[in-house]
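Here, residue 1 is the first one in the sequence, and each next residue gets the next number.
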Amino acid sequence: LGFLVQTAHGSWDALRCLSKNISDAQRMQYLTFHSKPATSDDLHSHSVTKSGKSWKVKFQQRWLDEFPWLSYSALLRGGICRCCILFTEGLKRGGSRGSLPGVFVLSPYQHPYNKALGKDGILPSHEKNAVHVQAVERADLFRQNYCHPEERIDARLLSQQEKQANENKEILRHIVMAVEFLAKQGLPFRGHRDDRVDFGVMDDNKGNFIATLQLMAKDNSILQKHLLNASKNAKYTCKSVQNEIIHIYGSKIKSTLTHQLREQRLPFTIIADECTDSYSNQEVLSVCLRFVDLSSIKDPHIKECFIGFIHLHRTNASTISQKILECISEAPVSLDSSLIRGQAYDGAAVMSSEKAGVQAKIKEISPLAVYTHCYAHCLNLSIASTCNLQEVRNLVGLINEVYLFLHNSPKRQQMFQLTISYHLPDSSHSKLPGLCKTRWIERHTCYEVFLEMYVVLVTFLDAIVSPREYPEL
């Protein structure tokens, strides 16, 4: 501390700057383990003359015990005040005795030692100085906070904030887990009315999302307390929060699926098809990407990923092409449209026209984007045309009549299952599937099962005509 006083050269501003740069550990060390001279040490002294007599008086070591703030600096050869030197920052003048002290702070106390004590002595006067009192208070507070940091007000507030933040993270984690579970299982989220939910009542059905949270809360006191006591606008269980979490998941999935395309600038193909949503009665365009997955150099393979549904307010070529380009260029997909190397749609004129169709609009952005009429759609059209043959129509009609004959009677269906168990016990099918009404190419499953069960069907129909010949049925 004596070195600080010496370096300050009598300037309060310089001393404040030097004191401010002292670390808390050093400050605590100066307060606690300050140097004390030994009894045999030669302390500073000066001569005093009175009534023609002279004698020497020196700095008394007992003053260090009587005044805890006092230290003796061997460097400065005098007494200094630890508290005033270490805690000069923020000290203010106050009252008649509130002037900033110079002795003990900017210069050591070296004389007169014969006037150190007494009612108006130098040591008691400094101890009563308002600025010194402030410094001592700050020193005591610093010592208490340093030894017990957990008891500081800011530490308590910070601890409370961290505890609340951790609880909020735990609550949000369970809410996200509930959304993830229902989304993966493809289950509906909301019940009949979930805007006014009483989480304390378990009797009524509030929907899968609320029920899942209530189930989680049974073994989680933090989540249970939140659901029961949190204010209505801070529960994070409303439908807007659910939709926001789903949207975040969707954005993350899209970003992950297209990460390789963005980082390596790989070419890709667009696959799009338009249909009418029967529930919302709106035109919806589905968009997929097809590209070569090079994540494994030893095993490159073709990969297709679904990007999203796009609502179309108009179904002309300009609108559809614009929506497709926006879907692949905007975040989180963020792909370069010039890297499109292929486009696959159905054969409708608005999609396939070389002059004014969607394929022409896309080629204006990426001339190398070759259009391909969707093979699945071509196959579907071919099968649909083939089914116009009389022989094929008769077969399809027969299969459909047999299916309806079984489907419309639970009694016949049960008898048919019993026939399968007796005559085709190794079959993985227990009933005859119906014909797909929308996709012709999906009807092959029905044809395969019908062919597999043909003998059983004949036996079943024969048992209906002649039940006595089949007593087991």
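Among residues two or more places apart in sequence or in another chain, the side chain to side chain donor-acceptor pair (under 3.5 Å) test is passed with Tyr371 by none. Shown here are the side-chain contact (heavy atoms from CB on, under 4.5 Å) partners of Met28, two or more places apart in sequence or in another chain: Thr32, Phe142, Arg143, Tyr146, Cys147. The side-chain contact (heavy atoms from CB on, under 4.5 Å) check on His111 picks up His46, with sequence neighbours excluded. Listed by chain and residue number, nothing satisfies the salt bridge (Lys or Arg N to Asp or Glu O under 4.0 Å) test with Arg156 (two or more places apart in sequence, or in another chain). Under the side-chain contact (heavy atoms from CB on, under 4.5 Å) criterion, Lys235 pairs with Phe199, His226, Ala230, Thr237, not counting sequence neighbours.
Between His126 and Cys84, some side-chain heavy-atom pair lies under the 4.5 Å cut-off. Ile362 is listed as a side-chain neighbour of Leu325, based on a closest heavy-atom distance under 4.5 Å. Under the 4.5 Å side-chain criterion, counting only non-hydrogen atoms from C-beta, Glu127 is not in contact with Glu66. In this structure the side chain of Val176 never reaches within 4.5 angstrom of the side chain of Phe181, judged on heavy atoms. A 4.5 Å side-chain heavy-atom check between Gln214 and Lys218 finds every atom pair outside the cut-off. At a threshold of 4.5 Å between non-hydrogen side-chain atoms, the residues Val179 and Phe209 count as touching. At a threshold of 4.5 Å between non-hydrogen side-chain atoms, the residues Val350 and Thr315 do not count as touching. Annotation: side chain of Phe309 is not in contact with side chain of Leu285 (no heavy-atom distance under 4.5 Å).
Taking CG of Asn168 as the start and CD1 of Ile175 as the end, the distance is 9.5 Å to the nearest 0.5 Å. If you take CD on Gln224 and CG on Asn229, they are separated by 9.0 Å, rounding to the nearest 0.5 Å. Atom CD1 of Ile253 and atom SG of Cys305 lie 11.5 Å apart (nearest 0.5 Å). Atom OG of Ser125 sits about 7.5 Å away from atom CD1 of Ile122, to the nearest 0.5 Å. Separating the CZ atom in Arg265 from the CG atom in Leu335 is a distance of 10.0 Å, to the nearest 0.5 Å. Note that NE2 of His311 is 7.0 Å distant from CG of Asp277, once rounded to the nearest 0.5 Å.
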Pair Asp273, Tyr345 - check side chain to side chain contact (heavy atoms under 4.5 Å, CB included), show working.
CA-CA 6 Å; Asp273 192 19; Tyr345 319 118; over 6 Å; no
CA sep, side-chain torsions, deciding dist, call: Asn220, Glu170, side chain to side chain contact (heavy atoms under 4.5 Å, CB included)
CA-CA 10 Å; Asn220 191 301; Glu170 179 73 8; 3.4 Å; yes
Does the side-chain hydrogen bond (donor to acceptor under 3.5 Å, both in side chains) test come out yes or no for Gln164 and Gln160, once each step is laid out?
CA-CA 6 Å; Gln164 185 64 49; Gln160 185 67 24; 5.0 Å; no
Begin with the C-alpha distance, continue with both residues' side-chain angles, and end with the deciding distance and a verdict on side chain to side chain contact (heavy atoms under 4.5 Å, CB included) for Ser251 and Lys254.
CA-CA 5 Å; Ser251 299; Lys254 291 179 184 179; 5.8 Å; no
Walk me through whether Thr319 and Asn316 qualify under side-chain hydrogen bond (donor to acceptor under 3.5 Å, both in side chains).
CA-CA 6 Å; Thr319 301; Asn316 54 40; 2.7 Å; yes
When you look at Ile307 and Leu257, which way does the side chain to side chain contact (heavy atoms under 4.5 Å, CB included) test go after all the steps?
CA-CA 9 Å; Ile307 296 301; Leu257 290 174; 5.5 Å; no
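More than 12 heavy atoms of other shown residues, nucleotides or ligands fall within 6.0 angstrom of atom CZ in Phe306. At most 12 non-hydrogen atoms from other residues, nucleotides or ligands lie less than 6.0 angstrom from CD of Glu354. Other residues, nucleotides and ligands contribute only 12 or fewer heavy atoms inside 6.0 Å of the CD atom of Glu244. Under a cut-off of 6.0 angstrom, the local environment of CZ in Arg173 is crowded, with over 12 non-hydrogen atoms contributed by other residues, nucleotides or ligands. More than 12 heavy-atom neighbours from other residues, nucleotides or ligands sit within 6.0 angstrom of NE2 on His301. Few gaps surround CG on Asp299; more than 12 heavy atoms of other groups in view lie less than 6.0 Å from it.
Asn21 contributes a side-chain N or O that, together with a main-chain N or O of Cys17, makes up a donor-acceptor pair within less than 3.5 Å. Looking only at distances, a side-chain donor or acceptor of Gln260 sits under 3.5 Å from a matching main-chain atom of Leu294. Ser19 places a side-chain N or O within 3.5 Å of a backbone atom of Leu86 that can act as its donor or acceptor partner. Here the side chain of Asn166 pairs a donor or acceptor atom with the backbone of Glu162 at under 3.5 angstrom. Proximity of a side-chain donor or acceptor of Arg262 to a complementary backbone N or O of Val333 within less than 3.5 Å is detected. Between the His373 side chain and the Gly347 main chain, a donor and an acceptor come within less than 3.5 Å of each other. Proximity of a side-chain donor or acceptor of Ser73 to a complementary backbone N or O of Leu76 within less than 3.5 Å is detected. Within the 3.5 Å criterion, the main-chain N or O of Arg77 finds a donor-acceptor partner in the side chain of Gln110. Distance alone, capped at 3.5 Å, places no donor-acceptor pair between the Asp293 side chain and the Pro300 backbone. In terms of modelled atom types and a separation under 3.5 Å, the side chain of Gln60 and the main chain of Lys58 share a donor-acceptor contact.
Within the structure, the side chain to side chain donor-acceptor pair (under 3.5 Å) test picks out no pair touching residues 358-367 (sequence neighbours left out).
The nearest pair of heavy atoms linking Asn208 to Pro188 is ND2-O, 2.8 Å. Shortest non-hydrogen contact noted between Pro124 and Gly118 is CG-O, 3.4 Å. Closest approach of Ala178 to Thr212, counting heavy atoms only: CB-CG2, 3.9 Å. When all heavy atoms of Lys128 and Val133 are compared, the pair lying nearest together is O-CG2, 4.2 Å. Contact detail for Cys446 and Pro433: the closest heavy-atom pair is SG-O, 3.2 Å. Here the closest non-hydrogen pair linking Pro68 and Arg82 is O-NH2, 2.5 Å.
For the pair Arg27 and Phe87, the distance from NZ or CZ to the six-membered ring centre is under 6.0 Å and the angle to the ring normal is within 45 degrees.
The aromatic rings of His132 and Trp69 lie perpendicular to each other, with more than 60° between the two planes, well past the 30° mark.
Each of Ile80, Leu123, Ile85 was compared with Phe104 under the side chain to side chain contact (heavy atoms under 4.5 Å, CB included) criterion, and only Leu123 meets it.
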